[in-house]
Amino acid sequence: MNTIKTPSKIILFGEHAVVDGYPAISMALDLKTTGEIEENFDTISIDLVDLNEIFEITPELIKNLEISNFSPALKYVICAVKSVIFYLSEFKNLKEIKPFKLKLYSEIPLSCGLGSSASVVVTVIRSISNFYGIELDNDETINLAYSVEKEVQGRASVTDTATISLGGMIEIINGKYKPMPKDLEEFIKTCKFLVVNVEERTRKTAELVHDVSKHPEKEQIFEEIGKIIQNVRQVTDKAELGKLMNENHELLKKFGISTEKLDLVAKAGQKYAYGGKLTGAGGGGSAIILLKEDREELLKELKKIGVIGIYECKMAN
Ligand SMILES: Nc1ncnc2c1ncn2[C@@H]1O[C@H](COP(=O)(O)OP(=O)(O)O)[C@@H](O)[C@H]1O
Ligand SMILES: C[C@@](O)(CCOP(=O)(O)O)CC(=O)O
Ligand SMILES: [Mg+2]
């Protein structure tokens, strides 16, 4: 049996704007999705442990699967299985689609803005290509995973799939992923972030991304977010960086994708730490807080607000 483990991510700045070509800055997080794959007798069997579902199909039918026939929860994994098998057959000379059993499970809270969708999609792609003994480079993996997120969500950026595939910290500029400038990376590495899983989401990423794309003030808000990221590049002081996080959160609120609890957590970050903002698509889910040394008051405030979970952010390389 082969095992693949893939990190999650936090978007530090630029979520949603990045879907429209504006910049973003993100970091891989060491909460991981695991894929365990081995030969199977006659079918392709996918055990989605976190969804309590098993999907089975005979190999010859996989390429003609109609993704729209499946429930939203199954779409990411099934679209990823179909896409990687199609790609390996068409472009990497895969001759025979041998049956396999793939078990998927994750440490990442699902639908919480930490990129669980991108993490499971990259895990599927790497597990299956690995099983067939075909090496995909990062660019192939990222482009394949990005096409899956776009097909399932209707709109997506490459931020999640690139960050999760490459690890570390990356910048997205004009839809292209690049390593972070060294000095900025060194500075951000001195920062400690708290990842707060605030509450269950009311809308899926696909719906949130769609709703934001229809907002009448979208362009000017994205322009403002783009300016914040220009300023991030000059910052060498945590108080400054925290202020820019707060500004980013205020701009995201204008899209109606924050919630009362996300705002309370962001405010707690502003009051008891350097700053705080929602991360990912919003609609509930997670926030990130740039920590000061002393976090006692902050933790007390988060307890009072009542959040689902708190993770000390450890960057995954
Ligand atoms: N471990 C997993 N197993 C199966 N499907 C998963 C897994 N993790 C994520 N998913 C799929 O991704 C969806 C969540 O993706 P999304 O709404 O983009 O939220 P996020 O990426 O912020 O976690 C889940 O509803 C499910 O369809
Ligand atoms: C909202 C967005 O910028 C990030 C989505 O993150 P998540 O699926 O909520 O973890 C969409 C995208 O970049 O594809
Ligand atoms: Mg997602």
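When a residue number appears, it is its place in the shown sequence, counting from 1. Small disclaimer: the values here were computed from a predicted structure and weren't measured. For ligands, and for the atoms within them, numbers begin at 1 and follow the listed sequence.
The shortest N or O to N or O distance between Y105 and ligand 1 is not under 3.5 Å. Considering backbone and side-chain atoms alike, R201 places an N or O below 3.5 Å from some N or O of ligand 2. Checked by distance only, ligand 1 and S111 come closer than 3.5 Å through their nitrogen or oxygen atoms. Ligand 2 has no N or O atom lying under 3.5 Å from any N or O atom of E149, backbone or side chain. Among the atoms of S157, some N or O lies under 3.5 angstrom from an N or O of ligand 2. Considering backbone and side-chain N/O of I11, none are found under 3.5 Å from N/O of ligand 2. Distances between N or O atoms of S117 and those of ligand 2 include no value under 3.5 Å. Annotation: A281 places an N or O atom under 3.5 Å from an N or O atom of ligand 2; distance criterion only.
Listed by number with element, the atoms of ligand 2 under 4.0 angstrom from any heavy atom of G280 are 6 (O), 9 (O). Ligand 1 places these atoms under 4.0 Å from at least one heavy atom of A73: 26 (C), 27 (O). The G115 neighbourhood of ligand 1 comprises atoms 20 (P), 21 (O), 22 (O), with distances under 4.0 Å to a heavy atom of that residue. For ligand 2, the atoms closer than 4.0 angstrom to any heavy atom of V18 are 3 (O), 13 (O). Here is the list of ligand 1 atoms found below 4.0 Å of a heavy atom in K204: 17 (O), 25 (O). For ligand 1, the atoms closer than 4.0 angstrom to any heavy atom of Y76 are 11 (C), 12 (O), 13 (C), 15 (O), 18 (O), 27 (O). Numbered from 1 in the order shown, with element, the atoms of ligand 2 that lie under 4.0 Å from a heavy atom of K9 read 6 (O), 7 (P), 10 (O). The ligand atoms of ligand 1 that sit less than 4.0 angstrom from a heavy atom of L48 are 4 (C).
In this comparison of L110, L208, V152, I164, the heavy atom closest to atom 8 (N) of ligand 1 sits on L110.
For the residue pair E140/Y87, the side-chain donor-acceptor check at 3.5 Å is satisfied. For the residue pair K204/S111, the side-chain donor-acceptor check at 3.5 Å is satisfied. S117 and E149 share a donor-acceptor pair across their side chains, judged by distance under 3.5 Å alone.
Residue contacts with ligand 1 include R201, since one of its heavy atoms falls under 4.0 Å from the ligand.
Using cut-offs of 30° and 60° on the angle between ring planes, the pair H16 and F255 is tilted.
What sits closest to atom 8 (O) of ligand 2 on the protein, heavy atoms only, is T205 OG1, 3.0 Å. Looking at atom 11 (C) of ligand 2, its nearest protein heavy atom turns out to be V19 CG2, 3.7 Å.
The Mg ion (ligand 3) has an N, O or S atom of S117 inside 2.8 Å of it.
When the shell of 6.0 Å around CD of E90 is examined, it contains more than 12 heavy atoms from other residues, nucleotides or ligands.
Salt bridge present: E185 and K189 bring a charged side-chain N and a carboxylate O closer than 4.0 Å.
Contact annotation for L104 and ligand 1: no heavy atom of the residue comes within less than 4.0 Å of the ligand.
For the pair K292 and Y272, the cation does not sit on the ring face, since its NZ or CZ is not both under 6.0 Å from the ring centre and inside 45° of the axis.
If you run side-chain hydrogen bond (donor to acceptor under 3.5 Å, both in side chains) between K277 and each of Q270, H249, E15, E247, only E15 comes through.
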